[in-house]
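First the proteins, then the strands, lettered A, B, ... as listed; each starts at 1.
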Protein chains: 2
Amino acid sequence: MRRIVGMARKRTYGQYCGLAHALEIVGERWALLLVRDLMLGPKRFTDLRVGLPRIPTNVLSARLKELEQAGVVRRRTLPRPAASVVYELTEYGAELEEILLRLGRWGVRTLGEPGPDDILTVDGEILALRATFRPERARGIRTSFELRIGAVVVHAIVDDGTLKPGEGPLAGADLVLEMAEIDALRPLLTGEAGPGDAIENGTVRPHGDLAEFERFLDIFSVPTAPAVVPA
Amino acid sequence: MRRIVGMARKRTYGQYCGLAHALEIVGERWALLLVRDLMLGPKRFTDLRVGLPRIPTNVLSARLKELEQAGVVRRRTLPRPAASVVYELTEYGAELEEILLRLGRWGVRTLGEPGPDDILTVDGEILALRATFRPERARGIRTSFELRIGAVVVHAIVDDGTLKPGEGPLAGADLVLEMAEIDALRPLLTGEAGPGDAIENGTVRPHGDLAEFERFLDIFSVPTAPAVVPA
DNA sequence: CTGGATCCCTCACGATACTG
DNA sequence: CAGTATCGTGAGGGATCCAG
């Protein structure tokens, strides 16, 4: 005879705790990466697939339903003629932003070299810009950058302590940084390498002033030193 | 014929992104709750089991190994006569603290009623105290509280903007709050209910001044209003 | 083409028993 | 006390299929 233990108990931690509950909402696999991509604005199902190439579609469906159910994501049907469906963060979901940026900064410090089939996405790179942006160092500064990392092109407009990142090129950018490898930028942001090193070994080709390059690295950086990871 | 796809590729998101990497480290099930419990100091395997009653021991083993491997947790054998093993956070792991507190505050706002077999742990309650503590409201204040929630007893010593939480009772506490239900405190911290309501309906029995009760609620609270969750 | 649903396989998780 | 061993189940991974 089969004992009915808890009838259809969804996976839960069984703790009455804010953190445990948060993890039940956004702790499932892919969930926070989904939120990351939605931080940049409403997206369609297919857009999300493009940003998360390795997510199975059934998992994407499931996560969107769960996040919608939890009040993190809202599913909206576009009005006219589009007749398309977009997913967007609710107010509540948008409040994860600061947490994701911090978690991203924490994780980037042990990121190491990219694996053979690690990819860089536009959304990932824009997150990196937002996560490493130091408003206090951008006070009174007005400048703009374009970053080309392989096929990924993003830009950033800095204006007196504020940052407006975006995808695609930016005409008239004060500095263009061109890189072939997806891990060319990380050592610069973490302080492991300086602009001189990067230019010398050819991982970064700056189009613009060297001073502008240094200003970029001043405005965008990860505060603390990289952690030492034992083998 | 079988195609060799990626030989022993561990579960990865395939993105060169700080957030994705962070989630590969601490995004597995139970990992962040483990870190939460270790935030309170070194613990033995069995202590961790007590704090996380529903974690299978093999999963606990696996997580500890993974976190150790990732440089988040350090396994240390106690010197003399104990001959015991403790796990503790590394510097790097300890830097997750602010993130966990924020995530806890985010999650508590949609926590709702406890499920039938939701439990409250001492560690969970201490996390709640730390997460809801508002240093700016504790400036120049020196007081102490003891909380009894069912069998869980914790205390907090507030001294001019600093908080020292601990487990167990506190002799000479300025205020003792006694509750039978594990969800008696949450509505007070989120502002859904006031001290008057709680005393009237008997969910909280304060031993001490009403003014002290109000001071407690001023020092400990979740800033924003609870989110509206659609059915 | 978008926006998914379905199938099948694998492996991580969950429960429990067992060992140094 | 501090885990390892075993085994069943279900969530995730990957490919394909289908409706509007």
Just by distance, do the side chain of B/T90 and the backbone of B/G71 share a donor-acceptor pair under 3.5 Å? yes
Distance-only donor-acceptor pairs under 3.5 Å for side chains of residues 101-108 of chain A, two or more places apart:
unit_1: A/R102; atom_1: NE; unit_2: A/E98; atom_2: OE2; d: 3.1
unit_1: A/R105; atom_1: NH1; unit_2: A/A131; atom_2: O; d: 2.8
unit_1: A/W106; atom_1: NE1; unit_2: B/Y92; atom_2: O; d: 3.0

I want to check one thing: is the phosphate of C/dG3, taken as OP1 and OP2, less than 4.0 Å away from some side-chain N or O of A/S84? yes
Has the side chain of A/T57 got a donor or acceptor that lies under 3.5 Å from a partner of the other kind on the base of C/dA5? yes
Any side-chain donor paired with an acceptor under 3.5 Å for A/H155 and A/S144? no
Near DNA chain D, under 4.0 Å by heavy atom, which residues of residues 23-39 of chain A? A/E28, A/R29, A/W30
Side chain of A/F45 only, please: which of D/dA2, C/dG3, D/dG12 is the nearest? C/dG3
Check whether NZ of the Lys or CZ of the Arg B/R29 lies under 6.0 Å from the centre of the six-membered ring of A/Y13 and within 45 degrees of that ring's axis. yes
Of the nucleotides C/dA12, C/dG4, D/dG3, which has the atom closest to the A/V85 side chain? C/dG4
Can a donor-acceptor pair under 3.5 Å be found between the side-chain atoms of A/N58 and the base atoms of D/dG12? no
Between A/Y87 and A/R76: side-chain donor-acceptor atoms closer than 3.5 Å: no
Could you tell me whether B/R74 and B/E68 make a salt bridge, using a distance below 4.0 angstrom between a side-chain N and a carboxylate O? no
Of the listed D/dG12, C/dG4, C/dT2, the closest approach to the A/Y87 side chain comes from C/dG4
Figure out the CD1/C1' separation between A/I55 and C/dG3, and round it to whole Å. 14 Å
Between C1' on C/dT2 and CG on A/L64, what's the gap in Å once rounded to a whole number? 14 Å
Specify the separation, in whole Å, of atom NZ of A/K43 and atom P of C/dT2. 14 Å
Could you tell me how far apart A/R49 (CZ) and C/dT2 (P) are, to the nearest whole angstrom? 9 Å
What's the angle between the local helix axes at either end of the helix from C/dC1-D/dG20 to C/dG20-D/dC1, using five pairs per end and rounding to 10 degrees? 30°
For a quick test of reading the model: is some side-chain N or O of A/R63 closer than 4.0 Å to OP1 or OP2 of D/dG12? yes
Between D/dG3 (P) and B/L52 (CG): distance, integer Å: 15 Å
Would you kindly say whether B/T203 and B/N201 are connected by a side-chain donor-acceptor distance under 3.5 Å? yes
Give a yes/no answer on whether the side chain of B/S61 brings an N or O atom under 4.0 Å of OP1 or OP2 in D/dT4. yes
Nearest whole angstrom, please: distance from the P of C/dC1 to the CG of A/D47. 15 Å
Among D/dT4, D/dG13, D/dG3, which nucleotide has an atom closest to any side-chain atom of B/K65? D/dT4
How long is the line joining CG of A/L60 and C1' of D/dT16, in whole Å? 17 Å
B/R11 CZ to C/dA12 P: how many Å, rounded? 6 Å
Presence of salt bridge, B/R11 and B/E24, under 4.0 angstrom: no
Are any side-chain N or O atoms of A/T132 and backbone N or O atoms of A/V222, one a donor and one an acceptor, separated by less than 3.5 Å? no
Counting N and O atoms only, with roles assigned by atom type, does the side chain of A/E146 sit under 3.5 Å from a partner on the main chain of A/L170, one being a donor and the other an acceptor? yes
